[in-house]
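Structure first, then comments.
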Amino acid sequence: MLSRDCRFSAIFRVDRSCLHVIYNGVDTADYHPRLSEVHREETRSRLGIAEDAPLLLYVGSGYERKGVPQLLQAFSSLKRRDAQLVIIGADRKLQATKAAAAGLRLAGRTHFLGPVRDVRPFYAAADGFVLPTIYDPCPNAALEAMACGLPVITTTGCGGAEFIVQGSNGYVCDALDIPALQASVSALPTRALGSAQGERARERIMRCTSEHLSAQLLSLYQDLVK
């Protein structure tokens, strides 16, 4: 995504009229709530997660920048002791992060899966997507999660926050505000599929298709060569 943040204009002395925002595209047919019908039960069974247990999903490599330490702390204080967390993505400090989770008594409720080729079954199994990143221009994973009907929790340092209406299709908080992150997680619907938040998450992302992205790029290129 190209940013139109006014701070960019001030730092690089570029007039805001020269900045164009083009959001990433997502295949809303490939990433769809109906994936739950195919993958939810099997994926949860494979991970040993009960059907009625709240399940949060994190996707992203580089745990420290993307807020995994804060996420683990927030998750450890949830009232729902049956809540589960799936963490997908690579990191050099994977073992240390697992040890930190164990120190917070989360070893039995936090599933570190490493890099995964196809994340769709995990979107289907989840009830919410959380990315408490310190900085991220516009993560595809957040858009994919919304297309799958998952409410999203992210931060003010994430470009994806522009798609979130607070309390309507997700929550936005400061990346280092652990109580706010914990409160946001607690406010998610117990079951995303069919929930109002999940439906509004998908509705919000429907225009961010690959076709729309291509049309925006072509329009920009045409304007630039005039």
Side-chain angles (χ1 to χ4, degrees), residues 1-3 5 7-8 11 23-24 26 47 49 54-81 83-123 125-146 148 150-164 166 170-188 201:
M1 181 179 73
L2 305 179
S3 174
D5 191 329
R7 291 173 297 177
F8 184 95
I11 294 171
Y23 295 100
N24 296 348
V26 59
L47 295 174
I49 298 174
L55 173 57
L56 287 180
L57 175 65
Y58 160 96
V59 178
S61 296
Y63 293 167
E64 187 170 356
R65 177 172 69 86
K66 296 195 175 181
V68 171
Q70 298 92 284
L71 173 57
L72 292 176
Q73 291 184 56
F75 192 72
S76 69
S77 61
L78 291 181
K79 291 182 179 180
R80 287 288 303 259
R81 308 311 294 177
Q84 303 283 314
L85 175 63
V86 169
I87 294 179
I88 292 175
D91 192 273
R92 293 179 300 168
K93 297 181 179 179
L94 175 59
Q95 296 306 317
T97 307
K98 285 183 177 181
L104 292 168
R105 299 182 179 180
L106 294 174
R109 298 196 290 128
T110 306
H111 310 263
F112 291 88
L113 304 186
V116 171
R117 184 181 297 275
D118 185 3
V119 184
R120 289 175 300 172
F122 301 96
Y123 291 133
D127 297 304
F129 180 85
V130 58
L131 186 68
T133 182
I134 294 173
Y135 170 73
D136 204 321
C138 190
N140 285 340
L143 307 188
E144 293 169 355
M146 294 180 75
C148 289
L150 295 181
V152 167
I153 296 172
T154 192
T155 65
T156 54
C158 177
E162 294 186 27
F163 294 94
I164 305 302
Q166 192 77 351
Y171 300 90
V172 178
C173 60
D174 185 274
L176 302 179
D177 190 340
I178 294 173
L181 179 58
Q182 187 271 333
S184 297
V185 171
S186 297
L188 288 174

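Because the structure is a prediction, the values reported are computed rather than measured. In what follows, every heavy atom counts, from backbone to side chain, and hydrogens, waters and symmetry copies are set aside. In what follows, residues are counted from 1 in the order of the sequence shown.
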Between I49 and H111, is any pair of side-chain heavy atoms under 4.5 Å apart?
yes
Distance alone, cut at 3.5 Å: any donor-acceptor contact between the side chains of Q73 and S77?
no
Counting N and O atoms only, with roles assigned by atom type, does the side chain of Y63 sit under 3.5 Å from a partner on the main chain of G89, one being a donor and the other an acceptor?
yes
Does Y58 reach the main-chain N or O of G60 with its side chain, forming a donor-acceptor pair under 3.5 Å?
yes
For P54 and R80 the tightest heavy-atom approach is CD-NH2, 3.2 Å
Taking all non-hydrogen atoms of both residues, which atom of I88 and which atom of G114 are closest, and how far apart?
CG2-O, 3.5 Å
Residue pair P115 / S61, side-chain heavy-atom distance below 4.5 Å:
no
So CG of L47 and CZ of F122: to nearest 0.5 Å the spacing works out to 6.0 Å
Would a distance-only check, ignoring hydrogens and angles, find a side-chain to backbone donor-acceptor pair under 3.5 Å from T155 to I134?
no
In this structure, CG of L150 is separated from CG of L55 (nearest 0.5 Å) by 9.0 Å
Looking only at heavy atoms, the pair that brings Y123 and C148 closest together is CB-SG, 3.8 Å
D174 side, atom CG; T156 side, atom OG1 - distance, nearest 0.5 Å
5.0 Å
Less than 4.5 Å apart, any side-chain heavy atom of L85 and any of R109?
no
Other residues, nucleotides and ligands only: do more than 12 of their heavy atoms fall within 6.0 Å of CD on Q166?
yes
Is the shortest heavy-atom distance from the side chain of F129 to the side chain of E144 under 4.5 Å?
no
At their closest point, which heavy atom of D118 faces which heavy atom of P121, and how far apart are they?
O-CD, 3.4 Å
Interatomic distance, OG1@T133 vs CD@E64, rounded to 0.5 Å, equals 11.5 Å
Least distance between heavy atoms, I87 atom then T110 atom
CD1-CG2, 4.0 Å
With side chains defined as the heavy atoms from C-beta onward, is the minimum distance between V130 and S184 less than 4.5 Å?
no
Closest non-hydrogen atoms of L181 and P132, given as atom of the first, atom of the second and distance, are CD2-CB, 4.0 Å
Going by heavy atoms in the side chains, are L188 and L56 under 4.5 Å from each other?
yes
Is it the case that over 12 heavy atoms from other parts of the model lie below 6.0 angstrom from the CZ atom of R105?
no
How many angstroms lie between atom OG of S186 and atom CD1 of I153, to the nearest 0.5 angstrom?
8.5 Å
Can you find a heavy atom in the side chain of V152 that is under 4.5 Å from one in the side chain of L131?
no
With a 4.5 Å heavy-atom cut-off, do F75 and L104 have their side chains touching?
no
